[in-house]
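When reading the values below, keep in mind they use all heavy atoms of this one structure, side chains included, and skip hydrogens, waters and symmetry mates.
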Amino acid sequence: VQLQASGGGLVQAEGSLRLSCTASGITFSTYSMGWFRQAPGKEREFVAAINWSGRTTAYANSVKGRFTISRDNAKNTVYLQMNSLKPEDTAVYYCAADLITTSQRTSPNYWGQGTLVTVSS
């Protein structure tokens with residue numbers, strides 16, 4: 001399984017970025033997908049998730065209303081549109097596949113490599 005993330009970079013506060021993650025080695029259209037992030041000195045945290053069809057999404061409270069997750073099953077790609085970015089959104093963002101959600105947490109079976117997002121104030 002390969003999950004190739006791209007689209008990170010440096011952006012000013014209140015700016016926008018769109019992350020992409022293209023999957024191979026899995027039947028993409030049957031897997032839930034998600035994004036997680038890890039800021040310097042902090043634990044990795046859940047950001048957003050989308051089910052196999054794209055009809056159901058979920059977001060961390062910290063990004064709700066600013067970030068949008070979507071997918072294109074024909075392109076084996078999941079996206080994270082990030083608007084109104086804040087300095088506290090600075091982190092390495094990781095794409096993930098095949099999410100398992102419990103009452104405690106959401107965690108994936110497959111991780112991709114990260115892409116760095118830096119938001120300057």
[atom1]-[atom2] distance between [X] and [Y], expressed to the nearest 0.5 angstrom:
| X | Y | atom1 | atom2 | result |
| --- | --- | --- | --- | --- |
| K86 | S121 | NZ | OG | 14.0 Å |
| L116 | T90 | CG | OG1 | 8.0 Å |
| S70 | M33 | OG | CE | 11.5 Å |
| R71 | S32 | CZ | OG | 7.5 Å |
| T77 | F28 | OG1 | CZ | 6.0 Å |
| N73 | S29 | CG | OG | 5.0 Å |

Under 3.5 Å donor-acceptor, [X] side chain and [Y] backbone:
| X | Y | value |
| --- | --- | --- |
| R44 | V92 | no |
| T68 | Q81 | no |
| D98 | Y110 | no |
| N109 | I100 | no |
| T106 | T101 | no |
| R66 | S84 | yes |

key: Check: V63 and R37 side chains under 4.5 Å, non-hydrogen atoms   = yes

Is it possible for you to say whether [X] and [Y] belong to one hydrophobic cluster, with membership spreading through side-chain heavy-atom contacts below 4.5 Å?
| X | Y | answer |
| --- | --- | --- |
| V47 | W111 | no |
| V1 | I50 | yes |
| I26 | L99 | no |

task = Measure from NZ or CZ of R18 to the centre of the six-membered ring of Y79, then state whether that distance is under 6.0 Å and the direction lies within 45° of the axis.
result = yes

Residues, nucleotides or ligands: over 12 heavy atoms within 6.0 Å of [X] [atom1]:
| X | atom1 | value |
| --- | --- | --- |
| Q113 | CD | yes |
| W52 | CH2 | no |
| K64 | NZ | yes |

query = Looking at L17, V117, I69, T115, which one forms a side-chain contact (heavy atoms from CB on, under 4.5 Å) with L80?
reply = I69

query = With F36, which of F46, Y93, Y94 fulfils ring-ring contact (aromatic ring centres under 6.0 Å, His included)?
reply = F46

key: Pair N76, T22: side-chain N/O donor-acceptor within cut-off below 3.5 Å   = no

inquiry  = Looking at every heavy atom in both P108 and A97, which two are closest together, and how far apart are they?
reply    = CB-O, 3.5 Å

task = Please name the pair of heavy atoms, one in C21 and one in L3, separated by the smallest distance, quoted to 0.1 Å.
result = SG-CB, 3.9 Å

